[in-house]
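First the structure, which I've put down as structure tokens, then a few questions once you've had a look.
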There are 2 protein chains.
Amino acid sequence: MEYKVLVRMNEKLFLRDPENSELGRRIIQQGIQLMAEVGFEDTTFRKLADRINSKEASIYRYFENKHRLLVYLVAWYWQWLEYQVVFQTNNLIDPREKLERILKLLLLKDLTRPNVPTPTDDTNILALHSIVIREASKAYLTHHVTEHNKQQLFKPHKDFCGRVADIILEYRPDYPYARSLASSLLETAHHQAFFMQYLPSLTDFGTGPDNQSNEEDRLLNFLRHLLFSSLETTNF
Amino acid sequence: MEYKVLVRMNEKLFLRDPENSELGRRIIQQGIQLMAEVGFEDTTFRKLADRINSKEASIYRYFENKHRLLVYLVAWYWQWLEYQVVFQTNNLIDPREKLERILKLLLLKDLTRPNVPTPTDDTNILALHSIVIREASKAYLTHHVTEHNKQQLFKPHKDFCGRVADIILEYRPDYPYARSLASSLLETAHHQAFFMQYLPSLTDFGTGPDNQSNEEDRLLNFLRHLLFSSLETTNF
DNA sequence: GCAAAAATGATAGTATAACTATCAAAAAAA
DNA sequence: TTTTTTTGATAGTTATACTATCATTTTTGC
């Protein structure tokens, strides 16, 4: 039996739901590929259209512009990640265990643990993750944040952050910075991963071709230390 | 007696040194104003030229493009901040005190403490700070990071980060994540300030028009807690 | 103060991105 | 098999991000 976990998206994120047509799905899949390859600024709807043997105008029927496509992809990622967290922390009681799972998920570790139905297998999660690392902050670092926020475009991000904050509060009900700690943790995970790869002197982690997973473990240790040392320090 | 602290910039950051001419200085000053007002994406050299009663082509003689202008502004900011740190921690022996000063500087607090020569008084630090908060990550989140990094464009950022890391090691010589903690702290300070203003549900800090400085103090408390709880937790 | 050099202004032009519009053809739904 | 919806194909508009050129102004060296 196969699972197909579908991520239902806020309607404000698109003009026409890309999940509902073959062309739409190709826009998403190849959009992920293209953006992962050339980056957000060098992505154009023309290039994307060529890649899927379609036309620029057709893509505009799905997304207002490429920024909205980015926002869509990032939102999809957060919803997907939230689903993973829900699934993986489902039977856990110890909030510390839950937080551990979250840390690993943030770095895309242990994805292949048994019984996790990877939703929409055709989505290239690795490529999407690299997009999130490099481009996600461009989704909100715009002159139109407030407007976009009103349209709920960042709800998946906020929901995920809220869920992490709730688990933080499970672990330590009197912790006063649950949401800030949660959002900082997400940002830090992504930024450190980026720095590790491109600006290693901003980190303590190298990234040779050989010991890559070892260095990723060290990043995980850092995040764990940051998180739990803050949660276990009593004087605020 | 007046001080004029000049920040000497890496020559790779510009085509012609904007500090060496009246036009160049106007490009910088009004560039800061414009970018703070309309944001990076909506800034164009044409608008900037109009604002300073000059021409697009003239600005191109100073900066290759607006991204390089942003990189320049951000680099200037880091160098300025490093100078502030050097100045303010000059006579301090206690590394904890030094770190406290850094936290405040990151949030642009206590700028007006006595005897701090605010370098180039004509530079609008507040506007520049808001640019750094909203746009700084766009300086390195590009497809050309590696290339730009080779040209040393991010050296001021890395130097500042390194200086903070050194003080962290003064405070706790065996701390294994000094640079990552430093870079995370900078990022977190900026991101939380942004979230506080535009996506408050990602933080624990409001930002009403009334109690603004109070909420900024709470952000400071959070950063302090994050920093010192990590530094004082012994098991890694 | 003058000649040479450098910087800027003024104007024009190119390439490309970011759309919008239109209508015919194909596909899907009723 | 009509009707509706979606896509293809083509074209066009506006704005940005530049580059080029040459005259004019400003600066610099002497």
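Note that the structure is a prediction, hence the values are computed from the model and not measured. We name chains A, B, ... by the order of the sequence lines, and we start the count at 1 in each one.
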inquiry  = I'd like to check the salt bridge (Lys or Arg N to Asp or Glu O under 4.0 Å) partners of A:Asp42; sequence neighbours left out, ordered by chain and number.
reply    =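 Testing A:Asp42 for salt bridge (Lys or Arg N to Asp or Glu O under 4.0 Å), a comparison that skips the adjacent residues, returns none.
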query = Nearest to the side chain of A:Arg61 - D:dA17, C:dT22, C:dG9?
reply =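 So the nucleotide nearest the side chain must be C:dT22.
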query = What does the inter-axis angle of the helix from C:dG1-D:dC30 to C:dA30-D:dT1 come out as, five pairs per end, nearest 10 degrees?
reply =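 That helix gives 40° between its end axes.
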Main-chain N/O of A:Ile125 paired to A:His129 side chain as donor or acceptor, under 3.5 Å =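 A pair under 3.5 Å: no.
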query = Touch check for B:Phe63, heavy atoms < 4.0 angstrom, all strands: base, sugar-phosphate only, or nothing?
reply =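 If one applies the 4.0 Å heavy-atom cut-off, B:Phe63 turns out to touch nothing in the nucleic acid.
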query = Between A:Glu82 and A:Arg163, does a salt bridge (Lys or Arg N to Asp or Glu O under 4.0 Å) hold up when you go through it step by step?
reply = CA-CA 8 Å; A:Glu82 184 171 2; A:Arg163 185 173 290 275; 2.6 Å; yes
inquiry  = Taking the six-membered ring for Trp, are B:Phe14 and B:Tyr62 closer than 6.0 Å centroid to centroid?
reply    =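 No - the distance between ring centres of B:Phe14 and B:Tyr62 does not fall below the 6.0 Å cut-off.
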ask   = Has A:Lys158 got more than 12 heavy atoms of other residues, nucleotides or ligands less than 6.0 Å from its NZ?
value =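 Yes, the 6.0 Å shell around NZ holds more than 12 heavy atoms from other groups.
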query = What's the closest nucleotide to the A:Ser54 side chain, out of D:dG8, C:dT11, C:dG9?
reply =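 In terms of side-chain proximity for A:Ser54, the closest of D:dG8, C:dT11, C:dG9 is D:dG8.
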ask   = Between A:Arg16 and D:dT7, does any side-chain N or O lie under 4.0 Å from OP1 or OP2?
value =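 Answer is yes, contact under 4.0 Å.
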query = Is A:Glu37 salt-bridged to A:Arg51, going by a charged N under 4.0 Å from an acidic O?
reply =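 Yes, charged N to carboxylate O under 4.0 Å.
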Short side-chain N/O contact to C:dT11 OP1/OP2 from B:Lys55, under 4.0 Å =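 Negative; the distance criterion is not met.
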A:Glu41 bridged to A:Lys138 by N-O distance under 4.0 Å =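 A:Lys138 and A:Glu41: salt-bridged.
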query = Going by heavy atoms closer than 4.0 Å, what residues in residues 31-51 of chain B are next to DNA chain D?
reply =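 Going residue by residue through residues 31-51 of chain B, the ones with a heavy atom under 4.0 Å of DNA chain D turn out to be B:Thr44.
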ask   = Hey, is A:Glu147 close enough to A:Lys150 for a salt bridge, meaning N to O under 4.0 Å?
value =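 Not counted as a salt bridge, because no side-chain N and carboxylate O are separated by less than 4.0 Å.
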task = Compare side-chain N and O positions of B:Ser21 against OP1 and OP2 of D:dT27 and report whether any pair is under 4.0 Å apart.
result =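 No, B:Ser21 has no side-chain N/O under 4.0 Å of OP1/OP2 on D:dT27.
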key: Side-chain N,O (B:Tyr62) to OP1/OP2 (C:dT8) below 4.0 Å   =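 B:Tyr62 to C:dT8 OP1/OP2: side-chain N or O found under 4.0 Å.
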query = Looking across every strand, which nucleic acid part, if any, lies under 4.0 Å from A:Glu64 by heavy atom: base, sugar-phosphate, or nothing?
reply =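 It contacts sugar-phosphate atoms only.
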